[in-house]
**Student:** 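First the structure, which I've put down as structure tokens, then a few questions once you've had a look.
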Amino acid sequence: MEPSYIRELEAIRSKFVLMSEIVLENAGSAIQALQDLDLDLAQQVVDRDKDVDRLENEIDADSIRYMTLRQPVASDMRLLTVCIKGTHDLERVGDEAKAIAKRVKMIKKETIAAATLRCIPEMAENAIGMLRDAVDALEGQNTEKAMGVIRRDREVDAMNRSNFEEYGQLMTQRANEAQSLLALILVSKSIERIADHATNIAEEAIFLVSGKEVRHSGIKSKVD
Amino acid sequence: MSHTFQQKEFKATESGANAMPSSQPDFIKIRDFDFFYGDSQVLFDLNLDIPKQKVTAFIGPSGCGKSTLLRNINRMNDLIDGIRHNGDITIDDYSIFDPLLEVISLRKRIGMVFQKSNPFPKSIYENIVYSLRVAGRSKKSELDEVVERSLRGAALWEEVKDRLSESAFGLSGGQMQRLCIARAIANRPEILLMDEPCSALDPIATGKIEELIHRLKEEYTIVIVTHNMQQAARVSDRTAFFYLGKLIEYDETQKIFMNPGQKQTEDYVSGRFG
């Protein structure tokens with residue numbers, strides 16, 4: 001049987017994984033609700049965000065308690081700092097999913113019917129895929145996978161810029177759908193932010209494995 | 001004719017790799033060092049350089065050889081029958097094992113503080129000046145100066161200046177240990193060896209000793225053996241991790257506790273074994 005301090009650390013890690021699963025499911029559901037204009041599913045996303053917030057508080061409290069009582073060092077300490085920072089990113093992803101879900105009711109059927117979702121489904125698939133890989137990289141201590149996540153962030157950024165331009169043009173042509181189109185611009189921005197948080201978690205995964213801080217190191221330009 | 005330690009004709013032993021490149025001058029060099037109690041080898045091929053005026057911590061589980069190595073630095077192990085060694089330890093590039101070296105001259109350069117404070121059954125004052133009296137120095141003004149300097153150096157002067165003639169046994173545990181540090185620095189050594197100096201002290205006394213270690217390194221090269229991981233992290237600049245008589249890793253303390261290079265080190269400092 002593992003010693004109690006290792007079991008406590010594993011419990012914190014497990015909560016982090018649970019939180020990431022809920023966030024991933026919520027982000028996927030928010031996009032599904034958008035595509036289907038499913039207000040019930042959108043409301044479920046909004047409701048489930050409370051679980052995400054609760055887990056963030058729990059993981060922070062558990063981590064601080066562990067640091068105070070167990071005085072961890074080396075990779076144990078890095079895991080806890082990564083959990084604290086990573087839960088902040090996950091919570092923000094949860095907020096973005098909630099924001100997308102709340103915008104579903106602002107979007108008219110005809111806007112969706114006119115296939116103006118453009119690359120939003122593909123962009124969302126990329127961003128949520130990045131988040132999945134970032135969490136896997138962290139859990140599996142896989143720096144290669146983490147680097148792959150960082151590499152893909154630029155694609156999502158480019159899609160977001162493209163959406164901004166295209167929706168901007170459409171707003172001049174289809175003034176009666178302006179509110180829907182504005183909502184889609186904001187959805188695009190939320191998806192782009194999800195990819196940014198996935199990138200942060202990937203950087204944390206690299207720190208966890210190597211002890212090297214890669215934030216603000218220009219790593220995004222180096223991995224291309 | 002025997003030699004004193006200061007004589008320059010002793011040559012450096014240059015064999016062995018530098019185990020810890022450092023911006024500080026390396027003061028104590030341990031090279032290819034094996035140590036045996038009779039037929040039993042307890043230290044294996046140790047190579048490490050200890051920089052001047054820094055605190056170097058030796059950590060590792062019981063029986064790993066850290067205290068044995070510490071006690072080799074001032075040749076305290078000479079008192080044990082059947083010991084032998086291979087390799088060399090040099091201080092300032094002079095071999096401490098040179099057959100012509102007077103061990104007393106070596107020990108004048110090295111103060112030692114033990115796990116259990118061991119004041120002499122004498123007054124506080126006489127504890128400090130004991131070694132000076134043995135060396136034939138008896139001028140009162142000089143002895144007074146040494147007592148005040150040493151007690152101030154050990155952060156004890158203000159607490160005992162009005163009762164210097166009282167028995168050292170009337171001091172608290174933490175004060176006794178600081179008295180032993182004062183006694184160790186009375187002769188102005190260059191090196192202080194500390195073997196678990198806080199293991200018998202409460203947290204407040206431990207804090208005082210640790211603060212003292214921070215100040216003492218401005219003048220002395222300090223090597224400390226400790227089982228307390230947090231203490232090694234708090235007080236030392238370099239940390240050497242030993243296991244089963246072998247040096248597993250030696251690096252900046254920050255590196256050892258934040259991101260060690262060896263899994264064995266990681267497992268030990270994070271409490272997974274030992």
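Proteins get letters first, then strands, A, B, ... in listed order; numbering begins at 1 in each.
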**Student:** Give a yes or no on this: more than 12 heavy atoms of other residues, nucleotides or ligands lie within 6.0 Å of atom NZ of K15(A).
**Tutor:** yes
**Student:** N259(B) and S210(A): which non-hydrogen atoms are nearest, and at how many Å?
**Tutor:** ND2-O, 2.6 Å
**Student:** Would you say that more than 12 heavy atoms from the other residues, nucleotides or ligands in this model lie under 6.0 Å from the CD of Q254(B), or not?
**Tutor:** no
**Student:** Can you check whether G271(B)'s main-chain N or O pairs, donor with acceptor, with Y5(A)'s side chain at less than 3.5 Å?
**Tutor:** yes
**Student:** Could you check whether atom NZ of K255(B) has more than 12 heavy atoms from other residues, nucleotides or ligands sitting under 6.0 Å from it?
**Tutor:** yes
**Student:** Quick check on the structure: residues of residues 65-73 of chain A within a heavy-atom distance below 4.5 Å of chain B, by number.
**Tutor:** Q71(A), V73(A)
**Student:** What pairs with Q115(B) under side chain to side chain donor-acceptor pair (under 3.5 Å), at least two apart in sequence or on another chain?
**Tutor:** S199(B)
**Student:** Distance check, rounded to the nearest 0.5 Å: R272(B) atom CZ versus I6(A) atom CD1?
**Tutor:** 4.5 Å
**Student:** Could you check whether atom CD of E125(A) has more than 12 heavy atoms from other residues, nucleotides or ligands sitting under 6.0 Å from it?
**Tutor:** no
**Student:** Is it true that atom CE of M258(B) has more than 12 heavy atoms of other residues, nucleotides or ligands lying nearer than 6.0 Å?
**Tutor:** no
**Student:** Counting only heavy atoms not in R75(B), do more than 12 fall under 6.0 Å of its CZ?
**Tutor:** yes
